[in-house]
Number of protein chains: 2
Amino acid sequence: MQNPPSDYDAKRVAHWREVLRANGYRITPTREAVLRALSAGNYALEATEIFERARRFAPHLGLVTVYRTLDAMLSLGLVERVHCTGQCSLYVAAEEGHHHILVCRKCRRVWHFSGDDLTNLMNDVANESGFVIEDHWLQLVGLCPECRDS
Amino acid sequence: MQNPPSDYDAKRVAHWREVLRANGYRITPTREAVLRALSAGNYALEATEIFERARRFAPHLGLVTVYRTLDAMLSLGLVERVHCTGQCSLYVAAEEGHHHILVCRKCRRVWHFSGDDLTNLMNDVANESGFVIEDHWLQLVGLCPECRDS
DNA sequence: CCGTAACTGAAAATCATTTTCATTTAGCCC
DNA sequence: GGGCTAAATGAAAATGATTTTCAGTTACGG
């Protein structure tokens, strides 16, 4: 794991604050702390890791609030779930637009990419199976440059 | 959910039995019951569902044995995990060769397909990110013909 | 058929997540 | 600048899936 950053991405936090507010969510100090924890760096984090980091900004924060804030942010598309080997409850700040995730299995650094074109494949599979395909998940797992070298 | 089948795929079970035995696992009546439960139909099942079905073949079976057998089979590649919306612990009989899964979000019927060619995409992403890509994970979610019509 | 390492189920432990509930507070209205 | 009210809060309890422990049982090679 990387060293937990003690600062945060103020711009990203401001944006998230706006989106939350625009959707009827109140901005509380604890929620702000969770936003900050999630804004810093592109690493897939567990709920408890987010909790630990957010506590630096709001020491009395409860883990329940982390879960509640994550739910809100997930439903607004501000964060997304990351599936890692044997870990299906990691969270990372979402990026705009259609894209997928490449995650380092060691430090859980996340790289966003787009450019996949699965429409042909999906059409073929839909035709032969008779299914209506509604969604597709693509995720790559590997080692980031730092973890590869160590 | 489909109606739980009371029979099983004897050929598949026999094959699994061989693989388990060849890898030093013993064939017990309870394990056999789990194999049978997994062999019938291509549906992604939770551990507890496998448990219920396997109990028809071995009424005193414990849930722990289901988990232990699943672990063994996962490590031998005989079953694979299926990730569904909000569900990351479903299991389905694996198929030979490289392939991916299309799962019905309603009845959890599974369709295996291959023919994806992600090598170009993966090379591109590896180059721009500097990551070594070790694994890729692709899954489609949709509705099977029966669930689509109802 | 014997010995032993593997396997077993029940119960307890663990761990992540959700629910409950009494209290506090953000943000709107005046 | 209060005051109001629904939303949000943390602690504790509940839940649910999975793992560990353990004493007894059993598959299977010799």
Side-chain angles (χ1 to χ4, degrees), chain A residues 13-14 16-37 44-76 79 81-91 108, chain B residues 13-14 16-37 44-76 79 81-91 108:
Chain A
V13 170
W16 286 343
R17 226 189 275 120
E18 280 322 295
V19 177
L20 284 167
R21 200 194 308 273
N23 284 274
Y25 293 98
R26 293 179 179 176
I27 305 305
T28 65
T30 45
R31 216 159 247 180
E32 169 87 18
V34 176
L35 300 191
R36 289 185 184 183
L45 301 175
E46 294 175 28
T48 49
E49 290 170 331
I50 297 167
F51 175 60
E52 284 161 18
R53 285 157 197 236
R55 277 214 149 177
R56 278 187 240 128
F57 304 109
H60 61 98
L61 172 71
L63 181 56
V64 201
T65 297
V66 174
Y67 280 109
R68 282 191 277 233
T69 306
L70 283 173
D71 282 347
M73 296 180 77
L74 281 169
S75 72
L76 295 173
V79 297
R81 261 178 216 283
V82 178
H83 300 254
C84 210
T85 322
Q87 277 274 295
C88 287
S89 297
L90 301 175
Y91 304 88
R108 300 213 295 259
Chain B
V13 169
W16 286 344
R17 226 189 275 121
E18 279 323 293
V19 176
L20 284 167
R21 200 195 306 275
N23 283 274
Y25 293 98
R26 292 179 180 176
I27 306 305
T28 65
T30 45
R31 214 159 249 178
E32 169 87 17
V34 176
L35 300 192
R36 290 185 183 183
L45 300 175
E46 295 176 27
T48 50
E49 292 170 330
I50 297 167
F51 175 60
E52 284 161 18
R53 285 155 195 239
R55 276 212 151 179
R56 277 187 240 130
F57 303 111
H60 61 98
L61 171 72
L63 181 56
V64 202
T65 297
V66 174
Y67 280 110
R68 283 190 278 232
T69 306
L70 282 172
D71 281 347
M73 296 180 78
L74 281 169
S75 72
L76 295 173
V79 297
R81 260 178 219 280
V82 177
H83 301 254
C84 210
T85 321
Q87 276 275 295
C88 287
S89 296
L90 301 175
Y91 304 88
R108 300 214 295 261

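Per chain, numbering begins at 1; letters A, B, ... match sequence-line order. This structure is a prediction, so every number in the text was calculated from the model and none was measured.
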Chemist: Taking atom P of C:dA26 as reference, at what distance in whole Å does atom CZ of A:Arg17 sit?
Modeler: 14 Å
Chemist: To the nearest 0.5 Å, how far apart are CD1 in A:Ile50 and OH in A:Tyr67?
Modeler: 9.0 Å
Chemist: Let me confirm one number: the CG-CD distance from B:Leu35 to B:Glu32, rounded to the nearest 0.5 Å.
Modeler: 6.0 Å
Chemist: How many Å lie between CD1 on B:Ile27 and C1' on D:dC28, as a whole number?
Modeler: 11 Å
Chemist: To the nearest Å, give me how far apart NE2 (B:His60) and P (C:dC7) are.
Modeler: 16 Å
Chemist: To the nearest 0.5 Å, what is the distance between CZ (A:Arg81) and OG (A:Ser89)?
Modeler: 5.5 Å
Chemist: Quick one: which protein N/O atoms are closer than 3.5 Å to N/O atoms of nucleotides 15-19 of chain C? Pair and distance per line, please.
Modeler:
| residue | atom | partner | partner atom | Å |
| --- | --- | --- | --- | --- |
| C:dT17 | OP1 | A:Ser89 | OG | 3.0 |
| C:dT17 | OP2 | A:Tyr67 | OH | 2.3 |
| C:dT17 | O5' | A:Tyr67 | OH | 3.2 |

Chemist: Which heavy-atom pair separates B:Tyr91 from B:Leu74 by the least distance, and what is that distance?
Modeler: CE2-CD1, 3.8 Å
Chemist: Whole Å only: how far is the CZ atom of B:Phe51 from the P atom of D:dA17?
Modeler: 12 Å
Chemist: Take atom CG of B:Leu70 and atom P of C:dC7, then tell me their distance rounded to the nearest Å.
Modeler: 15 Å
Chemist: State whether the side chain of B:Arg31 and the backbone N or O of B:Arg26 hold a donor-acceptor pair below 3.5 Å, judged by distance alone.
Modeler: yes
Chemist: Short of 4.0 Å, heavy atom to strand atom, which residues of residues 28-36 of chain A count as contacting DNA chain D?
Modeler: A:Thr28, A:Thr30, A:Arg31
Chemist: If you round to the nearest 0.5 Å, how far is CG of B:Leu20 from CD1 of B:Ile27?
Modeler: 5.0 Å
Chemist: D:dA17 P sits how many Å from B:Glu52 CD, rounded?
Modeler: 11 Å
Chemist: Which sits closer to the 5' end of DNA chain D, B:Arg26 or A:Gly24, going by the nucleotide each is nearest to?
Modeler: A:Gly24
Chemist: Could you tell me the separation between the CG atom of B:Leu20 and the P atom of C:dA6, rounded to a whole number of Å?
Modeler: 15 Å
Chemist: Please report, rounded to the nearest Å, how far the P atom of C:dA5 is from the CZ atom of B:Arg21.
Modeler: 20 Å
Chemist: Do the side chain of A:Arg55 and the main chain of A:Leu61 share a donor and acceptor less than 3.5 angstrom apart?
Modeler: yes
Chemist: Should the pair B:Glu49-B:Arg53 be classified as a salt bridge under the 4.0 Å nitrogen-to-oxygen rule?
Modeler: no
Chemist: Enter the distance from B:Tyr25:OH to B:Thr69:OG1 here, rounded to the nearest 0.5 Å.
Modeler: 9.5 Å
